[in-house]
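Notes follow the structure.
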There are 2 protein chains.
Amino acid sequence: MSTKNVLPHHLKQLLEKGEDQFQSGISVDCVIFGFHEQQLKILLLKVDTVHKWALPGGFIKKTEHIEEAAYRVLQERTGVKDIFLQQFHVFGAPDRADASIHQKRYQSFGIKIPKNNWLIQRFITVGFYALVDFNEVKIQPSEQEAQWQWMDIEYLNGLMMDHAAIVQKALETLRTQLAYLPIGKNLLPKKFTMPELQKLYETILNEKLDRRNFQRKLLSFDILNRLTETKKGGAHKAAYLYSFNEKKYQKALKDGLYGSW
Amino acid sequence: MSTKNVLPHHLKQLLEKGEDQFQSGISVDCVIFGFHEQQLKILLLKVDTVHKWALPGGFIKKTEHIEEAAYRVLQERTGVKDIFLQQFHVFGAPDRADASIHQKRYQSFGIKIPKNNWLIQRFITVGFYALVDFNEVKIQPSEQEAQWQWMDIEYLNGLMMDHAAIVQKALETLRTQLAYLPIGKNLLPKKFTMPELQKLYETILNEKLDRRNFQRKLLSFDILNRLTETKKGGAHKAAYLYSFNEKKYQKALKDGLYGSW
DNA sequence: ACAAAAGTGTTGTCGATACACCCATGG
DNA sequence: CCATGGGTGTATCGACAACACTTTTGT
């Protein structure tokens with residue numbers, strides 16, 4: 001489908017000049033978590049020629065820090081700026097890359113990738129996970145060939161290569177870090193209610209939590225500001241709105257939520 | 001010092017054929033922890049031509065998994081087989097490699113590394129940390145030019161490039177993981193006493209712990225076997241010897257020491 | 001005024017801490 | 001036989017879980 005003939009400029013560049021511009025054999029892949037309708041979701045892309053969904057990923061420019069590269073990929077894809085972004089694992093199986101994916105893509109323009117081209121060599125990838133505010137994400141339509149979706153964490157199928165394993169590891173990491181990092185700021189809107197925050201935690205942990213104990217615990221971390229406003233429009237009693245106390249939040253990100261052992 | 005003239009075969013190979021054999025632009029570095037005389041130490045190497053200490057590191061063979069590569073480096077350097085080995089972070093600053101280190105080394109044989117040789121390009125490194133039994137380590141004398149030492153964790157100076165930062169991050173990781181992973185098996189001899197194990201924990205955490213509570217806690221994990229033997233020769237009452245229950249230990253490694261949240 | 005959802009308070013339990021006592025060994 | 005260090009027991013405290021009651025809002 002689409003234009004079968006003209007190879008887009010950026011793909012031509014990638015094939016021919018990519019090796020000059022990027023580190024070869026290494027990439028970044030981002031597991032971008034968002035929260036919507038009480039579901040934890042991740043952002044996935046699809047290329048027409050490949051019938052599987054893929055994590056947003058990219059290469060590392062020669063002069064770029066890997067965290068920068070991940071940040072750039074994230075911004076290019078989501079337009080979001082204020083993000084929680086963290087590397088969590090390196091995936092380094094020698095056979096994890098699938099050359100046929102690139103081959104098919106270029107084949108659709110009638111081009112065959114040369115045998116030793118850098119694109120179809122072995123690739124190691126650094127997994128990053130990101131937490132973004134679902135409502136802030138505006139997918140850039142620049143990449144014409146890319147479909148995208150927020151996929152529910154529960155139904156992960158048809159992911160490309162080892163991307164399902166990458167997501168799995170990201171989830172594990174997120175669950176572990178939840179215990180000692182103040183997660184929530186980047187997944188929720190600026191203002192949110194305690195029940196909303198709780199739903200987020202419950203979704204991530206896949207477990208029901210006690211309303212009252214949850215509230216006490218979160219407040220004890222002392223990273224939230226209670227606003228005077230309340231959430232109106234709800235069917236019943238209005239809930240207080242909260243926002244994160246930026247200063248205390250940043251401190252908690254560094255030091256963790258507990259004093260260690 | 002040493003043979004100033006003949007370039008050793010393996011160095012020649014590395015320079016000329018390295019790019020065919022190894023992934024370029026990516027390496028592994030191992031922070032190898034050992035415990036001796038109530039001190040936590042790490043294994044460091046030094047090359048004659050460079051006056052700084054370095055972490056044992058290496059390249060990744062084209063067909064090799066990165067964990068394999070780290071394992072191979074570890075075995076090549078220490079001869080140890082039963083090891084705890086885990087990746088913990090990727091260090092990807094664009095300027096982290098220092099070409100002059102390689103230059104000096106080859107210069108000492110009268111050779112100048114060609115401008116675009118793979119060795120002096122940018123390198124990203126995957127940090128692994130390993131826990132080994134100090135007494136089992138027999139440094140391989142194969143690398144003629146390498147001096148080595150166990151350096152005390154407290155006095156880290158003169159480390160090469162960003163290796164001090166790598167060690168720092170490894171230490172943080174170790175401390176964090178101590179809370180939910182059964183560490184000790186690989187740092188201690190097969191048989192050990194409870195006070196010895198405690199000293200290890202105290203050293204890693206840099207903190208004094210209560211003797212009785214420590215014992216209760218460790219025993220509650222149910223990963224130790226108390227042996228009938230006791231540690232004789234001590235100035236006073238003989239302590240029981242313990243060993244790790246391999247089966248339960250492996251399970252705890254997977255599941256962690258607590259049930260999570 | 002009633003149902004639904006949110007805010008606040010109380011109690012019990014279990015694990016962690018702190019401390020006291022007993023036991024074995026070498027000098 | 002006593003000093004030293006190791007093994008075992010117990011009281012206290014605090015965090016967390018379980019649960020009850022009150023308050024607010026829309027219909």
Side-chain angles (χ1 to χ4, degrees), chain A residues 37-38 175 178-180 182 184 188-189 191-203 205-243 252 255-261, chain B residues 37-38 175 178-180 182 184 188-189 191-203 205-243 252 255-261:
Chain A
E37 289 177 350
Q38 312 202 352
R175 287 192 173 128
L178 198 59
Y180 64 96
L188 293 172
K191 301 173 182 179
F192 52 91
T193 66
M194 196 57 82
E196 284 166 357
L197 184 59
Q198 181 178 344
K199 281 277 183 292
L200 171 61
Y201 272 69
E202 289 182 340
T203 305
L205 293 171
N206 195 28
E207 182 183 350
K208 263 224 148 308
L209 301 174
D210 183 275
R211 196 164 50 89
R212 297 146 285 201
N213 296 330
F214 179 81
Q215 175 145 188
R216 213 192 342 269
K217 182 161 187 164
L218 266 290
L219 288 180
S220 79
F221 292 154
D222 191 28
I223 50 173
L224 297 180
N225 294 326
R226 176 183 277 189
L227 308 179
T228 51
E229 317 167 58
T230 53
K231 179 100 170 184
K232 287 166 294 186
H236 301 288
K237 174 168 181 178
Y240 287 105
L241 283 170
Y242 290 86
S243 67
D255 304 345
L257 290 172
Y258 291 106
S260 77
W261 236 48
Chain B
E37 289 176 351
Q38 311 201 353
R175 286 190 175 131
L178 197 61
Y180 64 95
L188 293 172
K191 300 173 183 179
F192 53 90
T193 66
M194 196 56 83
E196 284 165 358
L197 184 59
Q198 181 177 346
K199 281 276 182 294
L200 172 62
Y201 271 69
E202 290 181 339
T203 306
L205 293 171
N206 194 28
E207 181 183 351
K208 263 225 147 308
L209 301 173
D210 183 277
R211 195 164 54 87
R212 296 147 284 198
N213 296 329
F214 179 81
Q215 173 144 194
R216 215 193 339 269
K217 180 163 189 163
L218 267 287
L219 288 179
S220 78
F221 292 153
D222 190 30
I223 51 172
L224 297 180
N225 294 326
R226 175 183 278 187
L227 308 178
T228 51
E229 318 166 55
T230 53
K231 178 100 172 186
K232 286 165 295 186
H236 300 290
K237 175 170 181 178
Y240 287 105
L241 283 170
Y242 290 86
S243 68
D255 304 344
L257 290 173
Y258 290 105
S260 76
W261 236 47

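Chain letters run A, B, ... following the sequence lines, proteins first, then strands; residues in each count from 1. When reading the values below, keep in mind they use all heavy atoms of this one structure, side chains included, and skip hydrogens, waters and symmetry mates.
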The side chain of B:Met194 lies closest to which of these nucleotides: D:dA20, D:dG9, D:dG7?
D:dG7
Could you tell me whether the side chain of B:Asn206 reaches within less than 4.5 Å of the side chain of B:Arg175, counting heavy atoms only?
yes
When rounded to whole Å, the CZ to C1' distance for the pair B:Arg212 and C:dT17 reads 10 Å
A:Lys217 atom NZ is separated from D:dA18 atom P, nearest whole Å, by 13 Å
Quick one: closest heavy-atom pair of B:Leu197 and B:Gly184, and the distance?
CD1-CA, 4.4 Å
Separation of atom CG in A:Leu241 from atom C1' in C:dA6, rounded to whole Å:
13 Å
A:Arg211 CZ to D:dA17 C1': how many Å, rounded?
14 Å
Side-chain donor or acceptor of B:Asp210 under 3.5 Å from a matching atom on the base of C:dA16?
no
Sidechain-backbone polar pair: B:Glu196 side chain, B:Thr193 backbone, donor-acceptor under 3.5 Å:
yes
Rounding to an integer number of Å, can you tell me how far A:Leu219 CG sits from C:dG9 P?
12 Å
Closest-nucleotide ordering on DNA chain C, the 5'-leading residue of B:Ala238 and A:Ala238:
A:Ala238
B:Leu257 CG - C:dG15 C1' separation (whole Å):
15 Å
Is the side chain of B:Gln38 donor-acceptor paired with the backbone N or O of B:Lys199 at a distance under 3.5 Å, no angle test?
no
Choosing from C:dC23, D:dC19, C:dA18, which nucleotide comes nearest the side chain of B:Lys237?
C:dC23
A:Arg226 NZ/CZ over A:Tyr240 ring centroid, <6.0 Å and within 45° of normal
yes
Within the pair B:Gln215 and D:dT8, is there a side-chain N or O less than 4.0 Å away from OP1 or OP2?
yes
On DNA chain D, compare the nucleotides closest to B:Pro195 and A:Arg216; which residue's is nearer the 5' end?
B:Pro195
Grab the CD-C1' distance between B:Gln38 and D:dG5 for me, whole Å please.
13 Å
Distance, rounded to the nearest Å, where B:His236 contributes NE2 and D:dC1 contributes C1':
13 Å
Is there a side-chain contact between A:Arg226 and the phosphate of C:dT8, meaning an N or O under 4.0 Å from OP1 or OP2?
yes
